[in-house]
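Order of listing sets the numbers, starting from 1, for every ligand and every atom in it.
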Amino acid sequence: MAKTIYFTASSLDGYIADSNHSLDWLFQFGEAGPPSYEAFIRDIGAIAMGAKTYEWIARYLVASNESDWPYHVPTWVFTHRDLPPIAGAEVRFVQGAAASVHAAMCEAAGERNCWIAGGGDLVGQFYDAGLLNEIIVQVAPLTLGGGAPLLPRRIHPPLELTRVDDYGGGFVELRYTVSPPEGVRSDSARSV
Ligand SMILES: NC(=O)c1ccc[n+]([C@@H]2O[C@H](COP(=O)([O-])OP(=O)(O)OC[C@H]3O[C@@H](n4cnc5c(N)ncnc54)[C@H](OP(=O)(O)O)[C@@H]3O)[C@@H](O)[C@H]2O)c1
């Protein structure tokens with residue numbers, strides 16, 4: 001069954017970027033990404049992200065002299081603005097409800113999973129609609145004291161912890177199965 005997954009790195013105190021929208025705190029550990037990334041991205045058929053995350057990627061490509069958009073599947077970017085496109089990126093700019101975008105993502109992804117890349121409130125919008133199935137988070141051994149929150153929602157019923165991996169260097173990866181919010185239909189996990 002294909003899933004909709006939030007895969008991200010976080011500080012121990014629950015921030016995915018610092019208050020300047022910087023990821024320097026994460027990249028000090030190296031830019032290769034977690035060991036699980038390759039297998040994760042292989043099974044991804046569609047991506048959604050918020051405007052700030054898209055803008056961060058655009059800045060990163062310029063700063064690192066990279067020219068290539070890093071993803072090879074369609075990406076939906078939520079924004080109320082006319083953001084500049086990135087050459088080679090298969091991106092659709094959208095706004096509004098997560099549910100209608102999710103339907104288009106599922107159609108594009110087919111049997112593969114959907115990745116909600118962040119930020120946290122956008123992931124929360126998918127959660128609110130009962131569309132989030134799993135959270136995979138790499139927790140870095142530091143705190144930031146503020147910044148962009150991991151997932152600014154009060155989640156009931158509790159998440160189910162399904163796996164813990166120790167990546168060394170103080171990093172752990174936690175996987176949780178997410179149940180829909182109370183009162184929201186639980187049939188949102190797709191069967192394909
Ligand atoms: N640690 C990691 O692995 C990781 C992963 C992902 C992201 N990040 C970083 O975390 C930070 C995330 O920042 P963030 O939480 O502020 O946000 P974000 O989700 O990337 O962007 C928020 C913006 O998305 C737009 N948006 C959200 N929902 C919308 C909707 N339903 N309809 C239309 N537009 C919508 C709005 O942009 P408008 O201004 O257009 O209204 C909103 O201000 C970024 O710095 C990113 O680089 C880190």
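For the pair H21 and ligand 1, the shortest N or O to N or O distance falls below 3.5 Å. Here's the thing with Q95: none of its N/O atoms is less than 3.5 angstrom from an N/O atom of ligand 1. Looking at T8 next to ligand 1, an N or O pair under 3.5 Å apart turns up. The shortest N or O to N or O distance between G96 and ligand 1 is below 3.5 Å. Ligand 1 has a nitrogen or oxygen under 3.5 angstrom from a nitrogen or oxygen of I16. When only interatomic distances are considered, the shortest N/O to N/O separation between A9 and ligand 1 falls below 3.5 Å. Residue L23 places no N or O, backbone or side chain, under 3.5 Å from any N or O of ligand 1. When only interatomic distances are considered, the shortest N/O to N/O separation between W56 and ligand 1 does not fall below 3.5 Å.
Contact annotation: for D121 versus ligand 1, there are no heavy atoms closer than 4.0 Å. Looking at A117 against ligand 1, only its backbone comes within 4.0 Å, counting heavy atoms. No part of M49 comes within 4.0 Å of ligand 1, judged by heavy-atom distances. If you look at A51 next to ligand 1, the close heavy atoms, those under 4.0 Å, come from the backbone and the side chain alike.
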Side-chain donor-acceptor distances from residues 174-183 under 3.5 Å, at least two apart:
from	atom 1	to	atom 2	distance (Å)
R175	NE	E173	OE2	3.4
R175	NH2	E173	OE2	3.1

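Listed for the W115 side chain is a donor-acceptor partner under 3.5 Å among the backbone atoms of F7. Put simply, the side chain of S22 never gets that close to the backbone of D18: no donor and acceptor are under 3.5 Å apart. Checked by atom type and distance alone, the side chain of D166 pairs as donor or acceptor with a backbone atom of G168 at under 3.5 Å.
Given atom 30 (C) of ligand 1, the protein heavy atom at minimum distance is F78 CD2, 3.6 Å. Here the protein heavy atom with the shortest distance to atom 18 (P) of ligand 1 is G119 N, 3.4 Å. Scanning the protein heavy atoms around atom 22 (C) of ligand 1, the nearest turns out to be K52 CG, 3.8 Å. Closest protein heavy atom to atom 41 (O) of ligand 1: H80 ND1, 2.6 Å. Taking atom 9 (C) of ligand 1 as the reference point, the nearest protein heavy-atom neighbour is A17 CB, 3.8 Å. In terms of protein heavy-atom proximity, atom 40 (O) of ligand 1 is nearest to T79 OG1, 2.5 Å. Nearest protein heavy-atom contact of atom 7 (C) of ligand 1 is T53 OG1, 3.3 Å.
Just one residue in the list T75, I86, L83 forms a side chain to side chain contact (heavy atoms under 4.5 Å, CB included) with V91, and that residue is T75.
When R81, R59, E55, Q125 are ranked by how near their heavy atoms come to atom 28 (N) of ligand 1, first place goes to Q125.
Using the six-membered ring where Trp is involved, F29 and F171 have ring planes that are perpendicular, over 60° apart on the 30 and 60° scheme. Between W69 and Y71, the ring-plane angle classifies as perpendicular under the 30° and 60° cut-offs.
Contact detail for S100 and A97: the closest heavy-atom pair is OG-O, 3.4 Å. In terms of heavy-atom proximity, G169 sits nearest to P141 at O-CG, 3.5 Å.
For ligand 1, the atoms sitting less than 4.0 Å from at least one non-hydrogen atom of A148 are 11 (C), 12 (C), 13 (O), numbered in the order shown with element in parentheses. For ligand 1, the atoms sitting less than 4.0 Å from at least one non-hydrogen atom of G50 are 18 (P), 19 (O), 20 (O), 21 (O), 24 (O), numbered in the order shown with element in parentheses.
D121 is linked by a salt bridge (charged side-chain N to carboxylate O under 4.0 Å, His left out) to R153, counting only residues two or more places apart in sequence or in another chain.
F126 and F40 end up in different hydrophobic clusters when Ile, Leu, Val, Met, Phe, Trp and Tyr side chains are linked at under 4.5 Å. When the side chains of ILVMFWY residues are joined at heavy-atom separations under 4.5 Å, either directly or via intervening members, I5 and L122 end up in two distinct hydrophobic clusters.
Closer than 4.0 Å to atom 5 (C) of ligand 1 lies at least one heavy atom of the protein.
With a 6.0 Å radius and a threshold of 12 heavy atoms from other residues, nucleotides or ligands, E38 has its CD atom at or below the threshold.
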**Study point:** Stepwise side-chain contact (heavy atoms from CB on, under 4.5 Å) test for F93 and Y54
**Key:** CA-CA 10 Å; F93 296 106; Y54 176 81; 3.6 Å; yes

